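Everything below concerns the one structure shown next.
Numbering of ligands and ligand atoms starts at 1, following listing order. Given the structure is predicted, the values throughout are model-derived calculations rather than measurements.
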Amino acid sequence: MTTTVKTTPIAGQKPGTSGLRKKTPVFMARHYLENFVQSVFDVVGCAGKTFVLGGDGRYFNDRAAQVILRMAAANGAARVIVGQGAFLSTPAASHLIRLNKTDGGIIMSASHNPGGPTEDFGVKFNMPNGGPAPEAVTEAIYRRTTEITEYHMVEAQDLDLARIGRHDLAGMVVDVVDPVADYAALMETLFDFPAIRSMFAGGFRMRMDSMCAITGPYAVEILENRLGAAQGTVVNAAPLPDFGGMHPDPNPTWAKALMDEMFGQDAPDFGAASDGDGDRNMVVGRGIYVSPSDSLAVLAANAHLAPGYKAGLKGIARSMPTSAAADRVAAALGIGAYETPTGWKFFGNLLDAGRATLCGEESFGTGSDHVREKDGLWAILLWLNILAVRKQSVAQILQEHWAKFGRNYYSRHDFEAIPTDKADAMMAALREKLASLPGTALEGLVVEAADDFAYTDPVDGSVSLKQGVRVLFAGGSRAVFRLSGTGTEGATLRLYLERYVPGPDGLAEDPQAALAPIIRAAHAIAGIETHTGRTAPDVVT
Ligand code: G16
């Protein structure tokens, strides 16, 4: 039986950089999840359609899945494909949407944000191409949340999502599938598994930190079972509702245990970590950290060593705050380089149109046209494939890369939980003075240009304004200021810093030292301390 429940709009259901993310108690409050999900179905249509459903296993994942299934049935969906236990990594969900040619999917995740009863939860809709809904769709969903009056729900008991196989929910087919199998099969088509297997057999040692989040089962199956990495290579491998209290954000601050191991005595050859929903990755060599911007550039320069990319790349796309290291590789390969706003959704059109093969972001995201999300394990496997073929260390590969292309020193400084009004005032004041900045000299740097990044999608012509303030210095250095669109508490100021050194000298400096004048200039230009009271960042990547 279907019930129609009267409701009223709830303020603030506006999706951010990647879906709607809120504190878990907000999502669990009366009508909150239901209003948003009904708005999604109202906008994308539900009757007769097939969707994929899964999440990263965080607190409330299981119950939210049951609610979404009951609502899909009430709205007339024909079929929903669900990962066993309502688990799916974000890239695996993207793959299942594409593989089964479904009408899209709902992913339950707040990504790298902590999980638990008082932490974060999130929901996002992905399109039939497997990628996050573009702005036009998320805007329409948001508008719908402001006018919603009712939602629909079948009355039924919870489905047993632990049982793989076909279920019936009030006439809707629910197929519960192994969350790992299809994804692992896809990886086998892209990478040289025999070469990686022989590298492990030859004593190559790896540490993979799954941070008690979704990639644990995927990493154990692929790295340990199929590629023969030693048992115990994957740590924190069991996904937990509160991620074991960890902050599942793979960066040097939150994956500190991995950093310590990789910089310690008798470190493994290769280290990696991934985030809550498995789309981010961090890569570390023995005694050397790989910045995500450098990782994208190295992967692009070496992708042809993996079977899935041996025909070469069509183009490389990066988000604006990501360093220009990948552009130099694109230029050398004679292929297109694209600069998009922050948010994986902006890569979708370029991938669909066949203009880009590899995409990457400074925020620990890398991926390709194999799915329409960034993909943590994919990036880790491509690194392993490259290491297996080149038979060099991560450090040697980076040094050779810098010697050939020059080095884009890069760092991001995050200032978290700033009162929103103060952060907004700082950005407004900065925008006010942009026109007056060119020609200004400070800290030995001269401002060459300053603007607010605007993007016109080359495929569909859509325009996105105010995507981050750029201050460009003579010589190729820059500072970029943006407010995060994924936080749930106050505002997070992201300060992105970059300096290019062509070499051959000066390629082995400490990034923070190499960037020191730019850091000081950025603080002075934006008045970070005056506006926010902050002098030092909370997170440095
Ligand atoms: C999301 C987006 C990414 C973006 C990142 C950071 O990642 O998919 O494209 O770079 O957020 O965004 P912001 O700087 O606005 O916080 P994820 O892993 O959180 O889904």
Side-chain angles (χ1 to χ4, degrees), residues 14-22 55-56 58 88-91 93-94 107-115 119-126 130-135 138 211 213-215 243 247-251 254 273-282 292-293 296 317-323 339-348 350-351 359-367 371-379 412-418 423 427 453 455 464 466-469 480-496 537-539 541:
K14 191 175 172 65
T17 308
S18 184
L20 182 65
R21 293 184 191 170
K22 295 287 173 196
D56 60 15
R58 69 181 59 224
L88 278 179
S89 77
T90 290
S94 181
I107 301 176
M108 302 169 291
S109 171
S111 190
H112 54 287
N113 297 6
E119 299 293 354
D120 292 359
F121 192 77
V123 172
K124 72 170 174 172
F125 183 76
N126 278 35
E135 270 187 345
T138 56
M211 304 190 88
I214 191 69
T215 53
F243 304 124
H247 186 154
D249 193 357
N251 63 41
W254 296 116
S274 57
D275 72 330
D277 62 333
D279 56 3
R280 295 186 177 206
N281 75 91
M282 179 175 81
S293 293
L296 173 65
R318 64 167 173 88
S319 66
M320 179 274 282
T322 304
S323 94
E339 186 179 31
T340 62
T342 294
W344 204 263
K345 59 192 173 204
F346 291 103
F347 294 135
L350 295 169
L351 293 166
C359 304
E361 294 185 285
E362 53 63 41
S363 56
F364 299 85
T366 341
V371 290
R372 292 294 181 275
E373 288 278 4
K374 55 189 184 275
D375 188 344
L377 267 174
W378 168 91
R412 190 181 88 195
H413 290 192
D414 289 343
F415 303 79
E416 295 177 341
I418 300 171
M427 289 302 289
F453 182 62
Y455 178 66
S464 302
K466 296 179 89 169
Q467 297 295 320
V469 168
V480 175
F481 305 82
R482 245 190 96 244
L483 297 185
S484 159
T486 58
T488 57
E489 212 174 326
T492 294
L493 166 66
R494 301 207 194 282
L495 169 59
Y496 311 84
D538 301 291
V539 172
T541 68

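- The nearest protein atom to atom 11 (O) of ligand 1, hydrogens excluded, is given as Thr486 CG2, 3.3 Å; this is a heavy-atom distance.
- Those atoms of ligand 1 with a heavy atom of Gly485 less than 4.0 angstrom away are 13 (P), 15 (O), 16 (O).
- Of the heavy atoms in Lys345, none comes closer than 4.0 Å to ligand 1.
- Asp275 places a side-chain N or O within donor-acceptor distance of the main-chain N or O of Asp279, the cut-off being under 3.5 Å.
- Side chain to side chain, Thr366 and Asn281 meet the donor-acceptor criterion of an N or O pair below 3.5 Å.
- Across His112, Lys124, Arg21, Arg280, heavy-atom proximity to atom 20 (O) of ligand 1 is greatest for Arg21.
- Closest to atom 10 (O) of ligand 1 by heavy atom, among Ser363, Ser18, Pro132, is Ser363.
- Per-residue contacts place Arg482 under 4.0 angstrom from the following atoms of ligand 1 (heavy atoms of the residue considered): 13 (P), 14 (O), 15 (O).
- With hydrogens and angles ignored, the 3.5 Å screen pairs no side-chain donor or acceptor of Arg494 with any backbone N or O of Pro321.
- Under a 4.0 Å N-O distance rule, the pair Arg280/Asp249 qualifies as a salt bridge.
- Close approach to Trp344 involves these atoms of ligand 1, each under 4.0 Å from a residue heavy atom: 8 (O), 9 (O).
- Heavy atoms of Asp279 found under 4.0 angstrom from ligand 1 belong exclusively to the side chain.
- Heavy-atom distances between Gly365 and ligand 1 stay at or above 4.0 Å for every pair.
- The ring pair (Phe, Tyr, Trp, His ring centres under 6.0 Å) search around Phe121 returns Phe27, Phe60, not counting sequence neighbours.
- Distance alone, capped at 3.5 Å, places no donor-acceptor pair between the Asp414 side chain and the Glu416 backbone.
- The shortest heavy-atom distance from Glu362 to ligand 1 is not under 4.0 Å.
- Neither side chain, Ser484 nor Thr492, offers a donor N or O lying under 3.5 Å from an acceptor on the other.
- At the top of the distance list for atom 9 (O) of ligand 1, counting protein heavy atoms only, stands Glu361 OE1, 2.6 Å.
- Looking at Lys374, Arg412, Glu373, it is Lys374 that brings a heavy atom closest to atom 1 (C) of ligand 1.
- No donor-acceptor distance shorter than 3.5 angstrom exists from the side chain of Ser111 to the backbone of Asn113, with no hydrogens or angles considered.
- Every atom of ligand 1 with a heavy atom of Thr342 under 4.0 Å away is listed here by number and element: 4 (C), 10 (O), 12 (O).
- The distance from ligand 1 to the heavy atoms of Ser111 drops below 4.0 Å at these ligand atoms: 17 (P), 18 (O), 19 (O), 20 (O).
- In this structure, Glu361 does not pair ionically with Arg318, as no charged nitrogen and carboxylate oxygen lie closer than 4.0 Å.
- Salt bridge annotation for Lys345-Glu373: absent, with no cationic side-chain nitrogen under 4.0 angstrom from a carboxylate oxygen.
- Taking every non-hydrogen atom of Arg494 and a distance limit under 4.0 Å, the qualifying atoms of ligand 1 come out as 13 (P), 14 (O), 16 (O).
- Between Gly343 and ligand 1, at least one pair of N/O atoms sits closer than 3.5 Å.
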